[in-house]
Amino acid sequence: MERNLTADQLALFEKEFASNPQYRVMQNAVTQTPVNSIALDRQVVTSIDHSVSNLLDDWKVTNQKKSGRCWMFAGLNLLRVGAAGKLGVKDFEFSQNYVLFWDKFERANFFLEAMIDTAGRDADDRTVAHLLSDPISDGGQWNMFIALVRKHGLVPKAAMPETESSSATAQLNDALRKLLRQGARDLRALEGDEARRERKREILTTVHRVLSIHLGTPPQKFLWQWKDSDKGFHRDGWTTPTEFAAAYVQLPVDDYVCLVHDPRATSPVGKTFTVDYLGNVIDAPPVVYLNVEIDLMKQLTQDAIVGGEPVWFGCDVGKQMNSDLGFWDAKLYDYGSVYDTEFTLDKAERLVHHETLMTHAMLFTGVDLVDGKPRRWRVENSWGDEKADSGFWTMNDSWFGEHVFEIAVRRSALPADLQARLDDEPIVLPAWDPMGALAD
């Protein structure tokens with residue numbers, strides 16, 4: 001076949017399509033009906049329901065609305081379970097807006113430091129270009145969430161409630177991107193550390209002002225009082241965010257480690273990895289993860305849930321998903337039959353060829369076990385309660401293997417040999433590696 005598509009070649013393509021009546025039938029169907037409605041496998045759908053043998057959730061889901069804060073919501077949803085128990089209430093929420101404010105401010109500083117660090121490189125250097133492509137998104141990872149909790153603490157939602165901009169971050173992010181790219185230009189043009197740091201301070205002053213206008217000012221101290229489920233009144237008095245977190249975070253978050261399933265040949269199992277320029281808080285522990293087999297990830301997740309603890313995880317959420325039903329299954333849609341072809345990329349090949357990466361974080365809150373093996377998983381999403389089972393989704397185990405990438409679990413839950421590996425010097429992946437993707 002010649003490099004150019006000639007008229008004769010185009011005619012052959014058209015002839016091949018027209019010669020198969022099945023293709024014409026499918027054309028008639030797809031031009032009148034969404035392809036997902038046709039590709040949806042009814043046998044898979046009828047095999048799923050939302051019941052599970054081991055269920056933890058008896059609370060309401062949260063809603064990140066038009067923002068990419070899923071990783072924060074998933075982290076706070078994990079921590080709020082223990083806080084609600086200590087407070088004696090059924091539902092409790094930490095302020096997601098508070099965490100958002102400090103993530104944006106810390107992220108701005110992180111980006112500007114990266115621009116100072118790379119000031120001697122050309123703007124089209126691949127690392128610099130990657131950093132400039134999205135200087136301040138909403139997305140993040142587990143270690144970034146913990147870095148914020150360690151440094152800034154937490155507050156109840158009443159102390160810093162949602163705003164229009166925390167629930168719909170597009171305009172705020174647009175303003176911040178303009179400021180930071182402009183700041184990158186200024187920092188790269190200056191000479192000397194002192195001049196660059198002074199200019200960084202000026203930029204951050206403006207960033208803080210923009211965040212305060214959009215999100216409100218984070219409380220340094222607040223009076224905390226509440227009524228429990230039996231209408232009993234309690235008052236802790238004036239407290240700071242770090243004091244509040246110390247009092248009401250019931251899990252040992254410093255003991256949690258990040259595990260990933262990266263099946264690429266270049267990512268050996270049992271090795272630790274980090275990604276260049278991935279993070280939000282300067283001088284916080286780096287974002288490090290241990291690569292493990294998917295069966296171990298499933299076992300650790302199952303063990304945590306059976307032991308009474310939800311599990312934070314990251315995945316490629318949009319693959320083989322039906323949002324109305326709230327189902328995920330690796331073969332939920334039979335696109336191959338619709339298009340008369342095969343889709344043969346495996347998980348490793350999808351990573352290599354940019355067909356997948358982590359896009360969303362949620363919380364496992366249940367598992368359905370049959371003879372000790374997981375059949376399906378229950379998931380607390382942060383997309384509100386209008387779909388799925390009042391906002392709780394169901395994932396068949398086949399989907400876990402194909403599209404889950406990351407979990408956060410207690411270090412002590414790992415086998416001893418893998419616990420030892422966590423202390424190894426991590427392999428540094430480039431800034432643009434897909435395992436550095438930020439869940440939003």
Side-chain angles (χ1 to χ4, degrees), residues 66-69 71-72 97 99-141 143-144 147-148 151-152 163-166 168-218 274-284 286-287 354 357 359 428-440:
K66 296 179 181 179
S67 72
R69 298 175 290 166
W71 58 289
M72 294 180 191
N97 187 24
V99 182
L100 175 67
F101 183 103
W102 287 120
D103 177 62
K104 294 293 186 190
F105 194 62
E106 294 284 357
R107 194 89 62 101
N109 183 56
F110 194 95
F111 170 79
L112 294 172
E113 282 295 317
M115 289 299 100
I116 292 173
D117 187 48
T118 59
R121 307 188 202 179
D122 291 337
D124 60 358
D125 170 89
R126 189 168 182 184
T127 297
V128 177
H130 174 79
L131 294 171
L132 288 170
S133 68
D134 193 5
I136 192 158
S137 72
D138 285 352
Q141 292 201 10
N143 302 79
M144 296 164 66
L148 294 168
K151 183 171 181 178
H152 295 286
T163 69
E164 175 65 26
S165 293
S166 68
T169 54
Q171 290 185 328
L172 169 61
N173 286 339
D174 185 59
L176 293 175
R177 281 192 293 266
K178 287 183 172 70
L179 285 171
L180 291 176
R181 286 176 176 139
Q182 178 175 287
R185 176 204 63 189
D186 296 347
L187 294 174
R188 291 169 56 79
L190 291 169
E191 295 291 339
D193 187 71
E194 184 176 349
R196 284 172 175 156
R197 290 264 151 45
E198 176 58 27
R199 179 60 185 134
K200 187 189 82 164
R201 188 196 66 79
E202 295 169 352
I203 298 165
L204 287 176
T205 298
T206 304
V207 169
H208 190 281
R209 182 165 66 248
V210 170
L211 288 172
S212 297
I213 289 169
H214 279 266
L215 303 178
T217 306
T274 188
V275 178
D276 203 17
Y277 293 108
L278 176 62
N280 55 352
V281 177
I282 294 292
D283 293 334
V287 176
H354 297 218
L357 43 69
T359 60
V428 180
L429 298 173
W432 55 86
D433 190 90
M435 296 310 291
L438 302 178
D440 60 11

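For clarity, every value in this text was computed on a predicted model and none was experimentally measured. Heavy atoms only: backbone and side chains are in, while hydrogens, waters and symmetry mates are out.
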If only atom types and distance count, is the side chain of R181 paired as donor or acceptor with the main-chain N or O of S133 below 3.5 Å? yes

Regarding E106 and H152, do their side chains bring together a donor and an acceptor under 3.5 Å, going by distance alone? yes

Hey, is the main chain of T127 close enough, under 3.5 Å, to the side chain of D125 for a donor-acceptor pair? yes

For the atom pair CE (M115) and CG (L132), what is the distance rounded to the nearest 0.5 Å? 4.5 Å

Distance in Å, H214 NE2 paired with R209 CZ, rounded so as to fall on 0.5 Å steps: 11.5 Å

Closest approach of L180 and A108, non-hydrogen atoms and distance? CD2-CB, 4.0 Å

Return the set of residues passing side-chain hydrogen bond (donor to acceptor under 3.5 Å, both in side chains) with R107 (not counting sequence neighbours), or none when no residue passes. D103

Separation between CG (L179) and CZ (F111), nearest 0.5 Å, reads 11.0 Å

Check: T274 side chain, V287 main-chain N or O, donor-acceptor pair, under 3.5 Å: yes

Measure from the side-chain N and O atoms of S137 to the backbone N and O of D134, and report whether any donor-acceptor pair falls under 3.5 Å. no

CG of L438 to CG of L278, rounded to nearest 0.5 Å, is 6.0 Å

side-chain hydrogen bond (donor to acceptor under 3.5 Å, both in side chains) pairs, two or more places apart, involving residues 195-205: N109-K200, E113-R197, E113-K200, D186-R199, D193-R197, E198-R201, R199-E202

Side-chain donor or acceptor of N97 paired with backbone N/O of L215 under 3.5 Å: yes

Report yes or no: do D138 and T169 form a side-chain donor-acceptor pair below 3.5 Å? yes

Check for a donor-acceptor pair, side chain of N280 on one end and backbone N or O of M144 on the other, with a separation under 3.5 Å. yes

Does R121 reach the main-chain N or O of R126 with its side chain, forming a donor-acceptor pair under 3.5 Å? no

Measuring from atom CG of L211 to atom CG of L100, what distance do you get when rounded to the nearest 0.5 angstrom? 8.0 Å

Are the ring centres of F101 and H208 closer than 6.0 Å? yes

Quiz question: by atom type and distance under 3.5 Å, do the side chains of K104 and N173 form a donor-acceptor pair? yes

Measure the CZ-CG distance between F110 and L131 for me, rounded to the nearest 0.5 Å. 8.5 Å

